[in-house]
There are 2 protein chains.
Amino acid sequence: MIVAIDRTVIKSFALFDSLADDELDRLLAHAVARRVPLGGAVFEQGAPADHFFLLLNGHLKVTQVTEDGQQIIVRVVHPGDLFGFAEALRRPDYPGSAIAAAESLVLSWPNDLWPRFVEKSPGLAVSTMQAIGQRLEEAHTRIREMSTQEVERRVAQVVLRLAKKAGRSEAGGIRIDFPISRQDIAEMTGTTLHTVSRILSAWEAAGLVEGGRQKLKVTNLTGLTEILTRTKP
Amino acid sequence: MIVAIDRTVIKSFALFDSLADDELDRLLAHAVARRVPLGGAVFEQGAPADHFFLLLNGHLKVTQVTEDGQQIIVRVVHPGDLFGFAEALRRPDYPGSAIAAAESLVLSWPNDLWPRFVEKSPGLAVSTMQAIGQRLEEAHTRIREMSTQEVERRVAQVVLRLAKKAGRSEAGGIRIDFPISRQDIAEMTGTTLHTVSRILSAWEAAGLVEGGRQKLKVTNLTGLTEILTRTKP
DNA sequence: CGTATTCTTGACTTATATCAATGTCGGTGG
DNA sequence: CCACCGACATTGATATAAGTCAAGAATACG
């Protein structure tokens with residue numbers, strides 16, 4: 001499905017900062033846009049990695065399922081993020097699945113176009129490497145958190161991060177802009193939905209957040225932030 | 001300290017596969033070699049990131065210290081690995097410290113040489129991106145393990161990985177080729193030295209490993225591997 | 001409406017951390 | 001050279017955070 005693509009939107013993404021208009025146009029000329037309905041998959045774990053993608057609109061969860069059937073959420077993709085970039089990992093298949101957490105719009109390119117783009121626009125290679133480096137650092141942060149912090153803090157971190165990246169200002173707080181379940185949060189923090197539920201209930205009682213079925217609103221940002229700095233008794 | 005560098009050794013590293021001899025020579029012409037004694041730091045967390053590095057020889061631990069003083073080992077660097085590549089992370093400082101776990105030999109280049117290298121040798125950019133992608137995938141693997149696996153398995157994973165990457169075949173098993181403490185293993189797996197000690201003691205009793213002060217030898221590789229596949233009762 | 005998710009909450013279990021004590025190795029200096 | 005010191009390791013006892021098991025309530029959906 002081809003859709004008219006607004007160049008100015010894409011130009012606003014940090015990834016394409018360095019590109020001149022004509023370079024960007026060349027890139028877009030080869031892109032295919034695709035609308036993904038809520039719950040739909042852009043690609044599935046294990047499938048041959050023949051394309052790479054850019055999220056224009058919406059939100060995606062990238063999930064992995066372990067051999068024994070446990071699922072984790074590797075990352076959440078927000079507009080402007082590159083994803084499904086398996087070639088960088090020297091992999092023939094996608095290491096996870098990309099599922100639309102909200103109705104989304106993605107651009108895709110065939111993998112074999114990448115070398116040509118880089119040749120014509122070296123700045124793109126640098127931006128991309130920085131984007132991947134950024135993600136590496138995020139992964140290290142998450143490892144550090146999982147190693148040293150208790151569950152409640154990790155949940156607070158994740159919620160704050162989501163509020164920042166996918167928050168919509170609203171009367172009385174910041175609403176997470178897509179449906180998110182306790183299970184999802186558990187899979188992002190390495191815990192169980194039960195523990196997440198208990199934590200959110202406690203927070204709700206303390207007036208920090210407002211919950212609901214696949215809904216979450218942060219009503220007291222500073223209060224939540226204080227949980228991060230809280231020191232063991 | 002400048003040392004004569006053996007081109008053939010470096011050419012054997014996957015990172016430089018794609019480079020022609022003259023490209024490699026140009027690279028090496030600008031490199032500075034430095035010997036790092038056991039316990040010495042190649043760079044320290046928070047220091048301005050003005051160089052990037054290649055490990056020729058030895059082994060390094062890259063550590064991070066959290067604000068509240070807890071330390072974790074982010075990764076272990078083996079010969080042929082690029083490290084201290086902060087520019088890719090778009091960071092002005094090093095996010096961790098690189099400490100020699102054994103007497104080591106590193107090559108270093110000033111950051112600002114990087115763009116010139118890439119311009120002359122585009123293959124280098126691709127290799128580097130793949131190297132970083134590889135590390136991203138490793139980080140995701142670690143996150144997955146920390147989310148879903150119990151401590152004993154994680155320790156088994158780490159020990160097996162070390163045996164593979166830094167193992168020296170020896171009478172009766174595979175010895176980890178550098179001094180490694182229980183504390184180190186704990187910092188790699190997100191647990192405490194006490195728990196690691198107990199696990200290794202149990203393994204020793206079962207004839208899987210042989211321990212010792214900062215020493216570790218895997219005496220039954222297949223037995224250890226079975227721990228990974230062991231299913232919950 | 002009834003059926004299926006999602007969420008909540010209580011009771012109980014357990015893996016792992018914490019606390020505490022002691023043991024052992026290996027290098028250093030008297 | 002040997003005694004001592006500091007770093008590393010072991011091991012037991014106890015505490016606790018978080019997981020598991022179980023039941024039910026709330027919400028969305030066809």
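Naming convention: chains lettered A, B, ... in sequence-line order (proteins, then strands); numbering from 1 in each chain.
Distance, B/Gln70 CD to C/dT18 C1': 13 Å, rounded to whole Å. Rounded to whole Å, the distance from CD on B/Glu150 to P on D/dT20 is 11 Å. We find that CD of A/Glu187 is positioned 11 Å from P of C/dT6, with the value rounded to whole Å. Distance, A/Gln149 CD to C/dT16 C1': 18 Å, rounded to whole Å. A/Trp203 has its CH2 atom 18 Å from the C1' atom of C/dT9, to the nearest Å.
Dense packing is recorded around NZ of A/Lys217, with more than 12 heavy atoms of other residues, nucleotides or ligands lying under 6.0 Å away.
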**Request:** Encode nucleotides 6-16 of chain D as B, S and - characters from 5' to 3', where the letter depends on protein heavy atoms closer than 4.0 Å: B to the base, S only to sugar-phosphate, - to neither.
**Result:** BBSSBBBB---

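The backbone N or O of A/Met188 lies less than 3.5 Å from a partner atom in the side chain of A/Arg142, making a donor-acceptor pair.
In this structure, A/Arg213 has no salt bridge (Lys or Arg N to Asp or Glu O under 4.0 Å) partners at least two apart in sequence or on a different chain.
Using modelled atom types and a 3.5 Å distance limit, the side chains of A/Gln183 and A/Glu187 yield a donor-acceptor pair.
A salt bridge does not link A/Glu170 with A/Lys215: none of the charged nitrogens is closer than 4.0 Å to a carboxylate oxygen.
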Throw together a table of side-chain donor-acceptor distances under 3.5 angstrom for residues 50-62 of chain B, partners on residues two or more places apart or in other chains.
from, atom 1, to, atom 2, distance (Å)
B/His59, ND1, B/His78, ND1, 3.1
B/Lys61, NZ, B/Asp184, OD1, 3.2
B/Lys61, NZ, B/Asp184, OD2, 3.4

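Of the side-chain N and O atoms in B/Thr191, none sit less than 4.0 angstrom from OP1 or OP2 of C/dT16.
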